[in-house]
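Written below as C-alpha cells is the structure these notes are about.
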Amino acid sequence: LAQIHQLYGWQSHLIDGGSAREWAETFTPDGEFNSPSYPEAVIGTADLQSFAERFYANAAAANEVHRHVVTNLVVDVLGEDTLRVQAYLQIVATTRGGESRLVRFTTLDDTVVRAESGWKIARRNVFRDDS
C-alpha cells in the first residue's frame with residue numbers, strides 16, 4: 001500500500017510542478033482520464049502529456065500555483081495485478097502573493113495495474129462533488 005500512496009503523491013507533485021511527461025507516464029500507455037470538468041476523455045501517453053502541459057500553463061497564465069491534494073485513499077484488491085483505488089481530490093489555487101481558494105472537490109475512482117516499472121493508472125474516473 002505504501003507504493004500506491006507514493007504513486008498518488010508523486011502524480012500530484014508532477015502535474016503541479018509542470019512535469020507533464022513524467023505525470024503522463026504514471027498512466028499505462030493506453031491510460032484513460034475521464035472527468036466532467038473537461039469536454040472529453042484523455043487517452044494515451046501523448047494526450048495525457050498535452051493535458052498536463054495545458055493544466056500547468058493555464059495556472060501560470062492566471063498567475064496561480066495549483067496544488068492537487070489527494071486524501072482518504074481506499075484500496076480494493078481486484079486481482080494479483082489489479083487494484084481499485086478511490087480517493088478524495090481537492091484542487092487548490094493560490095494567486096502568487098495572494099490568497100488560496102478551493103477550485104473543486106472531487107472523488108477519484110481508479111483502476112491501477114502492476115506494470116514492469118511499478119503501479120500505473122489504467123483508468124481514472126473523476127466525479128465532481130458539485131454535479
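For the single chain, residues carry numbers from 1 onward in sequence order. Heavy atoms only: backbone and side chains are in, while hydrogens, waters and symmetry mates are out.
- Using cut-offs of 30° and 60° for the angle between ring planes, the Trp23 and Phe33 rings count as perpendicular.
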Stepwise side chain to side chain donor-acceptor pair (under 3.5 Å) check, Arg128 with Ser37: CA-CA 8 Å; Arg128 290 176 56 129; Ser37 298; 3.0 Å; yes

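- Counted within 6.0 Å of CG on Leu102, heavy atoms from surrounding residues, nucleotides or ligands total more than 12; the atom is thus considered enclosed.
- Using the six-membered ring where Trp is involved, Phe55 and His68 have ring planes that are tilted, between 30° and 60° apart.
- Thr28 places no side-chain N or O within donor-acceptor distance of the main-chain N or O of Lys120, the cut-off being under 3.5 Å.
- Within a 6.0 Å sphere centred on CH2 of Trp119, other residues, nucleotides and ligands contribute more than 12 heavy atoms.
- Using bins of under 30°, 30° to 60° and over 60° for the plane-to-plane angle, the ring pair Tyr88/Phe105 lands in the tilted bin.
- His66 NE2 to Ser100 OG: the interatomic distance, rounded to the nearest 0.5 Å, is 10.0 Å.
- A donor-acceptor pair under 3.5 Å is formed between the side chain of Ser50 and the backbone N or O of Ala46.
- For the atom pair OG1 of Thr111 and CG of Asp76, the computed distance is 11.0 Å after rounding to the nearest 0.5 Å.
- Going from atom CD of Gln90 over to atom CG of Asp129 covers 9.5 Å, rounded to the nearest 0.5 Å.
- Using a 4.0 Å cut-off between charged side-chain N and carboxylate O, Arg84 and Asp109 make a salt bridge.
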